[in-house]
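Side-chain atoms are counted along with the backbone in the values below, which use heavy atoms only and exclude waters and symmetry mates.
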Number of protein chains: 2
Amino acid sequence: MAPVNANSETSPLRGSSAAPQGGPAGISRLRVAVPSVATRVASELRLQIAEGVLPPGTKLKEEALSEELGVSRNTVREAFAELASERLVVRQPNRGVFVASLEVSDIHDVYAVRRAIEVSAVRGGGSPESVAAVRAAVEEGKRAAAAGDSEGLGTANQHFHGALVAMAGSERLNTIMSQVLAEMRLFFHRAAIDGGFYQDYLADNEQICTALEAGDAELAAERLLAYLARSEAHQTAVHTS
Amino acid sequence: MAPVNANSETSPLRGSSAAPQGGPAGISRLRVAVPSVATRVASELRLQIAEGVLPPGTKLKEEALSEELGVSRNTVREAFAELASERLVVRQPNRGVFVASLEVSDIHDVYAVRRAIEVSAVRGGGSPESVAAVRAAVEEGKRAAAAGDSEGLGTANQHFHGALVAMAGSERLNTIMSQVLAEMRLFFHRAAIDGGFYQDYLADNEQICTALEAGDAELAAERLLAYLARSEAHQTAVHTS
DNA sequence: GATTGTTGGATTGTTGAACATTTTGTTGTT
DNA sequence: AACAACAAAATGTTCAACAATCCAACAATC
């Protein structure tokens, strides 16, 4: 099912990798924290969930995954714990873990979080560099739109909102935001269908960004709130059909 | 070290517990999800961390804990994963897990989260019942103050701020807040020393609550922001001595 | 015929032991 | 004192087993 690696014998997910980092000549000075096998399994699953390979509601069986990925059942279990803490999968005791499927109520809930942290970050103003990052995300979106890259438009939009939160300079807010964005990818598949959808966003982002560059954080926050309200309404509409 | 259970033979942390839930007479209608052993281990550790039995920086050895609690090493490991996702412990690859110790920068970070979600929740206004819950927390604090219960004063304050966030009616915001509060307990031990510390809080909470009851969410948010600023300054001062 | 046991297989929860890898402390040498 | 080699301890991961739970199919009952 999951096109990870053909042979589970020498799967690159396995821990005991060969070459010690640094190559033949140079010695790696900085400590490169090699992610654990469990972490890599979690990343792999996270990717497949985000890409829709594993659609919401899919049951993830421990044994099947463990042989498919060439890792032990316990390791799969640890990966599940990581994903469960991010709400990407749901654990039903003695039943198994399932790819999270968001209800309509979850949409409102997620937007409540976004309203809280995005608006707060924007209201704070942020450093010139952080605002520049926001601008960069806006331009990224424009380029994608010009190229007709609907996919890239979506990721640019996520970069934009991530950059907004980054303005607060808070590590915790950043991780919360990235988790929320990951959750949103769960039901973006359906929403990404209609074409002119992102077009409006581009204009919104531009306006929010100019307000920030003008130093008017309050105006930017206002526009952001309006955007979020419309976005939530749109998502709700799409998912109540 | 950890006063959990004397004999690891019949430790109540073990999975195969005896009595099926519901007691002799009544039948439990709702599905009572019996927490797994790993979850219970995590709860136990969470408690000991919150109470200061395991002070910040303490190294948690897998094998020691596993025999101490009468569970397997793998189970301890799962509990660690849960606590790590809550930032209560920090995992250093190949080194072990340690009870998180917050730096001064973390204080600012935590307050950034609080500013975001508490203020957002308060600005939303909230239902009459949720405001009533806030009032209840205020009264709880008054009673604790009257009884000279410094401990109870602290928990009442946490209930107050939890109730503020609960006004938003968002499951996700609630869990974020409870995790933040758990983090704060990590460095509240030192701060709880000075006596008149909580006295000011009481007045603040009262004023925020009355503003909410009067329907003036904006005023409440303003007062809350002021409170958070002072609280952060206080905590920072205490932890830079 | 629909509801209520019963049974067996499949899956998860947990354990215990093993081994590889990394870290760390120690020892011995220069 | 600095340094390399080595031994001990702890973690990361695997594996195999068993208990507990769930589920679907089937049998039994009214």
Side-chain angles (χ1 to χ4, degrees), chain A residues 1 8-22 27-28 30-44 58-84 89-99, chain B residues 8-22 27-28 31-44 58-84 89-99:
Chain A
M1 178 188 286
S8 57
E9 239 14 51
T10 57
S11 169
L13 277 179
R14 268 223 150 93
S16 57
S17 64
Q21 60 274 26
I27 300 177
S28 71
L30 277 315
R31 179 79 71 87
V32 180
V34 178
S36 74
V37 179
T39 304
R40 271 176 286 167
V41 170
S43 299
E44 177 63 30
T58 305
K59 173 165 187 181
L60 303 178
K61 294 181 202 172
E62 300 183 347
E63 190 164 5
L65 276 177
S66 88
E67 19 184 289
E68 206 160 335
L69 300 176
V71 302
S72 117
R73 232 184 96 207
N74 279 329
T75 303
V76 173
R77 209 149 226 286
E78 284 201 31
F80 283 170
E82 192 172 329
L83 296 175
V89 302
V90 173
R91 207 162 207 155
Q92 297 191 11
N94 288 314
R95 300 258 342 253
V97 313
F98 303 81
V99 178
Chain B
S8 58
E9 242 9 53
T10 57
S11 169
L13 277 179
R14 269 223 150 96
S16 56
S17 66
Q21 62 277 23
I27 298 175
S28 71
R31 177 77 74 85
V32 181
V34 178
S36 73
V37 178
T39 304
R40 272 175 285 167
V41 170
S43 300
E44 177 63 31
T58 305
K59 173 165 187 182
L60 302 178
K61 295 181 201 170
E62 300 183 347
E63 190 164 3
L65 275 178
S66 90
E67 19 184 289
E68 206 159 336
L69 299 177
V71 301
S72 121
R73 230 183 99 208
N74 278 327
T75 303
V76 173
R77 206 150 229 282
E78 284 201 32
F80 282 170
E82 192 173 328
L83 295 175
V89 303
V90 173
R91 208 165 205 150
Q92 297 191 11
N94 289 317
R95 300 258 341 258
V97 313
F98 303 81
V99 178

Inset, instruction - Could you pull out all residues at least two apart from Ser72(A) that satisfy side-chain hydrogen bond (donor to acceptor under 3.5 Å, both in side chains)? - result: none
Legend entry - Length of the CD-P vector between Glu78(A) and dG12(D), whole Å: 8 Å
Legend entry - Distance in Å, Leu60(A) CG paired with Phe80(A) CZ, rounded so as to fall on 0.5 Å steps: 4.5 Å
Inset, instruction - Output the single nucleotide from dG13(C), dG12(D), dC15(D) whose closest atom is nearest the side chain of Glu62(B). - result: dG12(D)
Legend entry - Upstream residue (5' side of DNA chain D) when Phe80(B) and Asn94(A) are each assigned their closest nucleotide: Phe80(B)
Inset, instruction - Please map the stems of DNA chain D, keeping only stretches of three or more Watson-Crick or G-U wobble pairs with both distances under 3.5 angstrom. - result: C:1-30 with D:1-30
Legend entry - Nucleotide nearest Thr75(A) when distance is taken to its side chain, options dG13(C), dT12(C), dT14(D): dT14(D)
Inset, instruction - Determine the sole option in Arg91(B), Arg77(B), Glu62(B), Gln92(B) for which the side chain to side chain contact (heavy atoms under 4.5 Å, CB included) test with Val97(B) is passed. - result: Arg91(B)
Inset, instruction - Look at Ser36(B) and dT14(C) and indicate whether a side-chain polar atom (N or O) is within less than 4.0 Å of OP1 or OP2. - result: yes
Legend entry - Base dG13(C) to side chain Arg73(A), donor-acceptor N/O within 3.5 Å cut-off: yes
Inset, instruction - Look at Arg95(B) and dG12(D) and indicate whether a side-chain polar atom (N or O) is within less than 4.0 Å of OP1 or OP2. - result: no
Inset, instruction - Starting at CD of Glu44(A), measure out to CG of Leu65(A) and round the result to the nearest 0.5 Å. - result: 10.0 Å
